[in-house]
Amino acid sequence: MQEGRYQASAIRGVEKPKSNGKKRLLGIPTATDRLVQQAIAQVLQPVFETTFQPHSYGFRPGRNAHQAVKQSLANINEGYQDIVDIDLKSFFDEVDHAILLELVYKRVKCRMTLTLIRSFLRAPIAINGKWHKRRKGIPQGSPLSPLLSNILLNELDKELEKRGHRYVRYADDFSI
């Protein structure tokens with residue numbers, strides 16, 4: 001890794017049924033890749049946490065779903081009665097790697113870190129014994145995916161705040 005030659009291993013894809021009858025694809029990295037991803041996440045989380053908006057609750061230290069519900073109730077009790085509930089369809093499957101890596105680069109100028117993240121994003125995935133190249137998406141199930149998704153979705157949060165909207169976001173689900 002210090003020599004810059006570490007390459008992420010292929011990911012094992014597992015499809016889990018969702019409550020609506022569809023399936024969610026989880027990407028299970030190798031134990032070594034999980035260890036490296038966890039180390040990256042632990043270093044980057046504090047760097048990005050200071051930039052995240054206050055009404056984002058999913059997969060952040062000291063924040064949880066109960067707090068998101070409490071904030072939603074506070075918004076309703078303050079008179080905000082019209083609610084738009086949004087779930088970004090296939091968000092994790094559609095993330096543009098170039099946009100995400102650019103957002104990471106704005107805060108973290110370490111070439112090795114960016115190369116490692118790109119390697120994890122581009123690692124092939126095996127689904128039902130068939131290999132698939134990946135040019136977009138963040139594999140759910142990796143230690144790094146919650147942080148990476150929050151980095152990208154923070155741009156949505158900033159736009160909602162700029163427009164003066166009251167909102168609550170938990171991962172890729174949010175209410176305005």
According to a 4.5 Å side-chain heavy-atom criterion applied to Ile, Leu, Val, Met, Phe, Trp and Tyr, with indirect links allowed, do [X] and [Y] form part of one hydrophobic cluster?
X    : Y    : value
L121 : Y6   : yes
I99  : L160 : yes
L144 : L152 : yes
I28  : F120 : no
L88  : L100 : yes

(message) Contact between F174 and D87 at the side-chain level, heavy atoms closer than 4.5 Å - yes or no?
(response) no
(message) When you compare the side chain of I125 with that of W131, does any pair of heavy atoms fall below 4.5 Å?
(response) no
Looking at every non-hydrogen atom in both residues, tell me the closest pair between [X] and [Y] and how far apart they are.
X    : Y    : result
R166 : N75  : NH1-OD1, 3.1 Å
R34  : G141 : NH1-O, 2.9 Å
R134 : H97  : O-CE1, 4.2 Å
D157 : S56  : OD2-CB, 3.5 Å
S175 : D85  : OG-OD1, 2.9 Å
F92  : S149 : CE2-CB, 3.6 Å

(request) Tell me, please, whether Y105 has K109 positioned over its six-membered ring: NZ or CZ under 6.0 Å from the ring centre and within 45 degrees of its axis? (result) yes
[Y] and [X] side chains, donor-acceptor separation under 3.5 Å:
X    : Y    : answer
N150 : R169 : yes
S119 : Q7   : yes
Y167 : Q53  : no

Rounded to the nearest 0.5 Å, what separation is found between the [atom1] atom of [X] and the [atom2] atom of [Y]?
X    : Y    : atom1 : atom2 : value
K89  : E94  : NZ    : CD    : 9.0 Å
M112 : M1   : CE    : CE    : 8.5 Å
N154 : I151 : CG    : CD1   : 9.0 Å
T113 : L101 : OG1   : CG    : 11.5 Å
H165 : Y80  : NE2   : OH    : 11.5 Å
D33  : S142 : CG    : OG    : 9.5 Å

Are the side chain of [X] and the backbone N or O of [Y] linked by a donor-acceptor pair below 3.5 Å?
X    : Y   : value
S90  : D93 : no
R107 : V47 : yes
R63  : P54 : yes
Q67  : N64 : yes

(request) Report the C-alpha separation of Q140 and S145 in whole Å, then their side-chain angles, then the decisive distance to 0.1 Å, and conclude whether the side chain to side chain donor-acceptor pair (under 3.5 Å) test is met. (result) CA-CA 6 Å; Q140 286 182 273; S145 65; over 6 Å; no
(request) In sequence, state the C-alpha distance, the side-chain angles, and the governing distance for R163 and E159, and then conclude on salt bridge (charged side-chain N to carboxylate O under 4.0 Å, His left out). (result) CA-CA 6 Å; R163 294 180 182 202; E159 183 62 29; 2.6 Å; yes
(message) Regarding R60 and E49, does a basic nitrogen lie under 4.0 Å from an acidic carboxylate oxygen?
(response) yes
